[in-house]
Amino acid sequence: MPDWMNDPAWTALGLSLRVAGFATLLNLLLGVGVGLLLARGRFPGRNLLDTVLTLPMVMPPTVLGYYLLTLLGRRGPLGGWLLDNFGINLIFTWQGAVIAAALVAFPLVYKPARAAFEAVDGQLEQAGRVLGISEIGIFFRITLPLAWRGILAGLLLAFARALGEFGATLMVAGSIPGKTQTLSVAIYEAVQAGQDDSANRLVLVTSVVCILVLLLAGKLAPGRLAER
Amino acid sequence: MKARLIALSLCSMALAGNTLAGEITVSAAASLTNAFKDIAQGFEAKNPGSKVNFNFAASGALLQQMAKGAPVDVFASADQETMDSAVKQKLVNSADRKDFARNALVVIVPADSKLKLQQLSDLQQAAIKHVALGIPASVPVGRYAKHALEAARLWPAVEAKAINTQNVRQSLDYVARGEVEAGFVYQTDAAIMPDKVKVAFTVPLDESISYPVARTATAANATEAQRFVSYLLSPAAQAILSRYGFHKP
């Protein structure tokens with residue numbers, strides 16, 4: 001193995017990609033599901049729910065981290081229950097980092113997904129119904145294909161955001177090299193310790209990855225407005 | 001016109017911020033947080049027109065901020081090593097530094113912990129899964145702990161269980177929440193949360209934990225900075241420090 005492969009930067013990058021990947025996957029299910037629910041559903045408290053779901057976008061990550069730490073900690077309501085019944089403790093684990101990253105990135109998936117579903121022409125779905133397609137068939141053959149670009153753009157943004165998550169991750173997952181120390185946490189520590197060389201390498205890696213993701217996002221959703 | 005007005009008022013605000021007679025910024029080790037807040041009150045009461053702004057973090061982090069040009073007037077570190085480094089980087093004149101307090105390193109456990117810990121080797125117990133430890137590279141309390149563990153030939157065993165923290169107060173918080181079974185903090189930190197944590201034992205150290213303070217070489221308000229440093233050594237400030245459990249320098 002060449003020398004640069006042993007650089008802690010690559011370990012941190014690998015971990016960050018894993019955390020961001022799982023967080024995005026989680027948001028694919030939750031964000032898209034909730035986006036569909038709020039685009040179509042009409043129920044009391046819908047606007048309030050929308051506000052709550054958008055909160056992670058504007059709330060400081062440290063506040064979210066604090067909420068998660070109190071909720072998921074072994075003395076927290078959810079964390080205590082998980083520990084007692086399943087022996088699961090999420091604090092100081094990479095899975096905990098996934099939850100922190102997923103929470104912070106959630107609105108970036110939910111919002112575009114909801115908008116994309118709302119933009120789907122209802123007449124096309126109606127036509128499908130007339131032709132006797134089942135509701136599930138309509139969703140997968142008509143609604144989703146029409147909305148997927150918007151959703152994908154949101155997912156990529158969420159991935160980039162999850163990749164760089166710092167405040168909430170540090171509070172919930174801590175900073176264990178090779179286990180929970182993501183790129184941004186590693187950068188923070190390198191700067192605090194005055195290890196500028198290491199910080200520079202990590203910053204470069206992060207910047208390149210984020211730019212790649214954004215370029216990809218731009219490619220996948222080119223001129224969505226022009227199409228209409 | 002409106003933009004110019006806004007710019008003008010912003011400028012005057014910035015100027016006002018800079019010209020306030022006795023305003024100083026003190027960068028201090030996280031373990032000093034509570035004591036220094038009290039001391040500042042006494043200092044401001046004694047010197048009307050003075051205003052002390054604090055910046056609390058791990059000593060190593062504070063050093064890096066200053067090295068990168070943060071406008072700091074007084075630097076108080078939890079160890080001599082970080083202050084040595086500040087002198088070497090010419091952020092502080094060695095003639096200006098003075099020791100003003102001492103502390104002890106302890107291992108704490110959550111108040112309701114049933115674990116029996118009496119010495120460093122007990123940290124090897126299987127029941128101890130996580131140990132909160134300041135990052136040795138930038139957090140003095142972590143460095144003291146590392147030295148003690150290395151002397152006892154226990155560093156690799158404990159490092160494997162270490163939860164790295166950004167400063168001593170984060171270690172305290174993790175123990176208080178019961179997220180870790182044990183943690184290294186100063187005696188004075190343990191004393192501020194007596195209902196949540198208890199001291200298991202005091203860690204024997206070859207070196208003494210002494211806190212140096214100095215006005216910085218770039219202090220914008222050198223007179224006021226020097227006055228604060230002198231005040232730290234006054235009986236009034238020393239009384240506050242000892243109330244928080246710090247020992248005399």
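Note that this is a predicted model, so its numbers are computed, not measured.
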Q) For the candidates B:D173, B:V180, B:I163, which exhibits the highest count of non-hydrogen atom pairs separated by less than 4.5 Å from chain A? A) B:I163
Q: Tell me yes or no: between the side chains of A:S175 and A:E189, is some donor less than 3.5 Å from an acceptor?
A: yes
Q) Is the B:F246 to B:Y186 ring centre distance short of 6.0 Å? A) no
Q) Do the side chains of B:I39 and B:L241 get nearer than 4.5 Å, heavy atoms only? A) yes
Q. Is the distance between the ring centroids of B:F54 and B:F56 less than 6.0 Å?
A. yes
Q | Structural part of B:A58 lying under 4.5 Å from a heavy atom of chain A | A | neither
Q | Ring centre gap for B:F100 and B:F36 strictly below 6.0 Å | A | yes
(Q) With rounding to the nearest 0.5 angstrom, report the CG to CZ distance, B:N55 to B:F75. (A) 10.0 Å
Q. Which bit of B:A137 comes within less than 4.5 Å of chain A, counting heavy atoms only: side chain, backbone, both or neither?
A. both
Q | Contacts of residues 80-89 of chain A with chain B (heavy atom under 4.5 Å) | A | A:N89
Q: Test salt bridge (Lys or Arg N to Asp or Glu O under 4.0 Å) on B:D122 and B:K116 and set out the steps.
A: CA-CA 8 Å; B:D122 293 341; B:K116 287 235 176 333; over 6 Å; no
